[in-house]
Engineer: 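This is the structure I want to talk about, given as structure tokens.
This is a predicted model, so every value here is computed, not measured.
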Amino acid sequence: MPRRCNFRLELDFPQPLAGVDEAGCAPLAGPVVAGACILNRDKFPRGIDDSKNLPLEKREAIYAKLVKCSAWAVGIASVEEIDEINIYWARMLAMSRAVEALGFDPAWVLVDGNATPRWQRPSKAIVNGDAKCRSIAAASIIAKVTRDRIMLDHARDYPGYGWEHNRGYPTPEHRRAINDLGLTPLHRRSFGLVREIEARKAQPELVFERIEAGESFAPHHQPLSPTPIS
């Protein structure tokens, strides 16, 4: 049975061919990071697959080999850019930056997803490409490991949110921390869940006065003073 992730879909395209993928579209905090990778088809790490399918230790091990035997680069779109242009276009921006950071123009670019950035490059989008194309899968590993390390650094600056574990994704732990600790500069204000939490915390706290038994809920009025008779 052939491997699910291989070079088969890439063979019709000229080389050098770059695979491109991103990590970090769904989290509530942190940047979105894209990776671009051009593999040497005669010398590449075994076990390359969609980064989401790889356990942490194996992903890190493959990453360590990839950066030594392939041409690769990363592109980052900041939280401010995500909030300004939305996550879709920030994703496209990060992927464009990753390919530009290679330092030379690949003959073709294969992009994970259903659309490519608006660039003047020979390219094709492949849905679930990180599970089908080895070059895109390699790019997904580079993007994922890079972003995880960024969030680990941010976790030291903003303890209590669990970013060293959840990487900024909307886990129960992270959502509780936002409620308890508030938002940081790294939270994406354009995301609905973040806006919802921010709006809820901004509402004034209601203070209820206890009504003793027998007291009326009707409003109390001062009795009118009798009109003096002249």
Engineer: Are side-chain heavy atoms of R147 and V74 found at a separation under 4.5 Å?
Structural biologist: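 When only atoms from C-beta onward are counted, V74 and R147 do not touch, as no gap falls below 4.5 Å.
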Engineer: Heavy atoms, side chains only, cut-off 4.5 Å: are I178 and L183 in contact?
Structural biologist: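 A side-chain contact under 4.5 Å exists here.
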Engineer: List for me each residue that meets side-chain contact (heavy atoms from CB on, under 4.5 Å) alongside I85, sequence neighbours excluded, and say none if there are none.
Structural biologist: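 side-chain contact (heavy atoms from CB on, under 4.5 Å) list for I85, sorted by chain: W89, A90, L93.
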Engineer: Excluding sequence neighbours, so at least two apart, what forms side-chain contact (heavy atoms from CB on, under 4.5 Å) with R176?
Structural biologist: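 R176 satisfies side-chain contact (heavy atoms from CB on, under 4.5 Å) with P172, E173 once adjacent residues are dropped.
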Engineer: Less than 4.5 Å apart, side chain to side chain, heavy atoms only: is that true for L110 and F13?
Structural biologist: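 In short, these two side chains touch, coming nearer than 4.5 Å.
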Engineer: Please list, chain by chain and in numerical order, all residues satisfying side-chain contact (heavy atoms from CB on, under 4.5 Å) with E196, sequence neighbours excluded.
Structural biologist: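 With neighbours one apart ignored, the set is L193, R200.
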Engineer: Ignoring hydrogens and geometry, is there a side-chain-to-backbone donor-acceptor pair from W108 to L17 under 3.5 Å?
Structural biologist: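 Side chain of W108 to backbone of L17, a donor-acceptor pair under 3.5 Å: no, none is there.
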Engineer: To the nearest 0.5 Å, how far apart are NE2 in H165 and OG1 in T171?
Structural biologist: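 Between H165 NE2 and T171 OG1, I get 10.0 Å after rounding to 0.5 Å.
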Engineer: If you group Ile, Leu, Val, Met, Phe, Trp and Tyr by side-chain heavy-atom gaps below 4.5 Å, do I136 and V20 land in one group?
Structural biologist: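 I136 does not cluster with V20.
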Engineer: Return each pair, listed once, that meets side chain to side chain donor-acceptor pair (under 3.5 Å) where at least one residue sits in residues 25-39; pairs must be two or more places apart or across chains.
Structural biologist: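 Listed by first then second residue: nothing to list.
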Engineer: May I have all residue pairs that pass ring-ring contact (aromatic ring centres under 6.0 Å, His included) and include part of residues 127-150, sequence neighbours excluded?
Structural biologist: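 Every pair satisfying ring-ring contact (aromatic ring centres under 6.0 Å, His included) with a residue in residues 127-150: there are none.
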Engineer: Do the non-hydrogen side-chain atoms of V145 and I62 ever get within less than 4.5 Å of each other?
Structural biologist: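 Of all side-chain heavy-atom pairs linking I62 with V145, none is under 4.5 Å.
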Engineer: Can you list, pair by pair, the side-chain donor-acceptor contacts under 3.5 Å of residues 21-34, counting residues two or more places apart and other chains?
Structural biologist:
{"unit_1": "E22", "atom_1": "OE1", "unit_2": "R91", "atom_2": "NE", "d": "2.8"}

Engineer: Distance-only, no hydrogens or angles: does the N114 side chain make a donor-acceptor pair with backbone N or O of V127 under 3.5 Å?
Structural biologist: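 Such a contact is absent between N114 side chain and V127 backbone.
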Engineer: Are F191 and I197 connected into the same hydrophobic cluster when the rule is that any two of I, L, V, M, F, W, Y join if their side-chain heavy atoms are below 4.5 Å apart?
Structural biologist: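 Per the 4.5 Å side-chain linkage, I197 and F191 are co-clustered.
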Engineer: I'd like to check D130 versus K52 (side-chain heavy atoms, cut-off strictly below 4.5 Å). Are they in contact?
Structural biologist: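 Contact flag for D130/K52 side chains = yes.
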Engineer: Looking at residues at least two apart in the chain, or sitting in another chain, which of them share a side-chain contact (heavy atoms from CB on, under 4.5 Å) with R195?
Structural biologist: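 With sequence neighbours excluded, R195 shows a side-chain contact (heavy atoms from CB on, under 4.5 Å) to no residue whatsoever.
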Engineer: If we ignore hydrogens and angles and just use 3.5 Å, is the side chain of T184 paired with the main-chain N or O of L186 as donor and acceptor?
Structural biologist: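 Judged by distance alone, yes, a pair lies under 3.5 Å.
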Engineer: Once rounded to the nearest 0.5 Å, what's the spacing between atom CD1 of I82 and atom OH of Y88?
Structural biologist: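 Answer for the CD1-OH pair, I82 versus Y88, is 15.0 Å.
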Engineer: What closest approach, in Å, do A139 and G35 show between heavy atoms, and which atom pair accounts for it?
Structural biologist: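 Looking at all heavy atoms of both residues, the shortest contact is CB-O, 3.3 Å.
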Engineer: Considering only heavy atoms from C-beta outward, does the side chain of M92 approach that of R118 to under 4.5 Å?
Structural biologist: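 A side-chain contact under 4.5 Å is absent here.
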Engineer: What's the spacing between K43 NZ and K65 NZ if we round to 0.5 Å?
Structural biologist: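 Rounded to the nearest 0.5 Å, the NZ-NZ separation comes out at 11.5 Å.
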Engineer: side-chain hydrogen bond (donor to acceptor under 3.5 Å, both in side chains) with N40: which residues, sequence neighbours excluded?
Structural biologist: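 Once residues adjacent in sequence are excluded, N40 has no partner under the side-chain hydrogen bond (donor to acceptor under 3.5 Å, both in side chains) criterion.
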Engineer: State, with a plain yes or no, whether a side-chain heavy atom of I141 is found less than 4.5 Å away from one of L54.
Structural biologist: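 With C-beta onward as the side chain, the pair touches.
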Engineer: Donor-acceptor pairs under 3.5 Å, side chain of residues 97-106 to any protein atom, not counting sequence neighbours: which ones?
Structural biologist:
{"unit_1": "R97", "atom_1": "NH1", "unit_2": "I76", "atom_2": "O", "d": "2.7"}
{"unit_1": "R97", "atom_1": "NH1", "unit_2": "E81", "atom_2": "OE1", "d": "3.0"}
{"unit_1": "R97", "atom_1": "NH1", "unit_2": "E81", "atom_2": "OE2", "d": "3.4"}
{"unit_1": "R97", "atom_1": "NH2", "unit_2": "E81", "atom_2": "OE2", "d": "2.8"}
{"unit_1": "D105", "atom_1": "OD1", "unit_2": "R121", "atom_2": "NH1", "d": "3.1"}

Engineer: Output yes when a side-chain donor or acceptor of R41 lies under 3.5 Å from a complementary backbone atom of L39, and no otherwise.
Structural biologist: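 No; zero donor-acceptor contacts below 3.5 Å.
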Engineer: Which pairs count as ring-ring contact (aromatic ring centres under 6.0 Å, His included) when at least one residue sits in residues 36-68, sequence neighbours excluded?
Structural biologist: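 Residue pairs passing ring-ring contact (aromatic ring centres under 6.0 Å, His included), neighbours aside: F7-F44.
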Engineer: Run the side-chain hydrogen bond (donor to acceptor under 3.5 Å, both in side chains) test against S123 and tell me which residues pass, sequence neighbours left out.
Structural biologist: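 If we apply the side-chain hydrogen bond (donor to acceptor under 3.5 Å, both in side chains) test to S123, skipping adjacent residues, the hits are W119.
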Engineer: Any idea which heavy atoms bring R167 and M151 closest together, and the distance?
Structural biologist: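 Taking every non-hydrogen atom into account, O-CG, 3.7 Å.
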Engineer: If a pair satisfies side chain to side chain donor-acceptor pair (under 3.5 Å) and one of its residues is in residues 154-163, list it, with sequence neighbours excluded.
Structural biologist: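 Qualifying pairs: D153-R156, W163-H174.
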Engineer: Hydrophobic clusters here meaning ILVMFWY residues chained together by side-chain heavy-atom distances under 4.5 Å, can you tell me if I126 and V111 are in one?
Structural biologist: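 The answer is no; the residues belong to distinct hydrophobic clusters.
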Engineer: Just how far is it from atom OG of S140 to atom CG of D112, taken to the nearest 0.5 Å?
Structural biologist: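 Rounded to the nearest 0.5 Å, the OG-CG separation comes out at 7.5 Å.
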Engineer: Is the shortest side-chain N to carboxylate O distance from D49 to K58 below 4.0 Å?
Structural biologist: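 Salt bridge: no.
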Engineer: Working to the nearest 0.5 angstrom, can you tell me the gap between I48 CD1 and C37 SG?
Structural biologist: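 Output value for this atom pair is 7.0 Å.
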Engineer: Which value, rounded to the nearest 0.5 Å, describes the distance between I38 atom CD1 and Q15 atom CD?
Structural biologist: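 Rounded to the nearest 0.5 Å, the CD1-CD separation comes out at 9.0 Å.
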Engineer: Do R188 and D83 come close enough that some side-chain heavy atom pair is under 4.5 Å?
Structural biologist: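 They are in side-chain contact.
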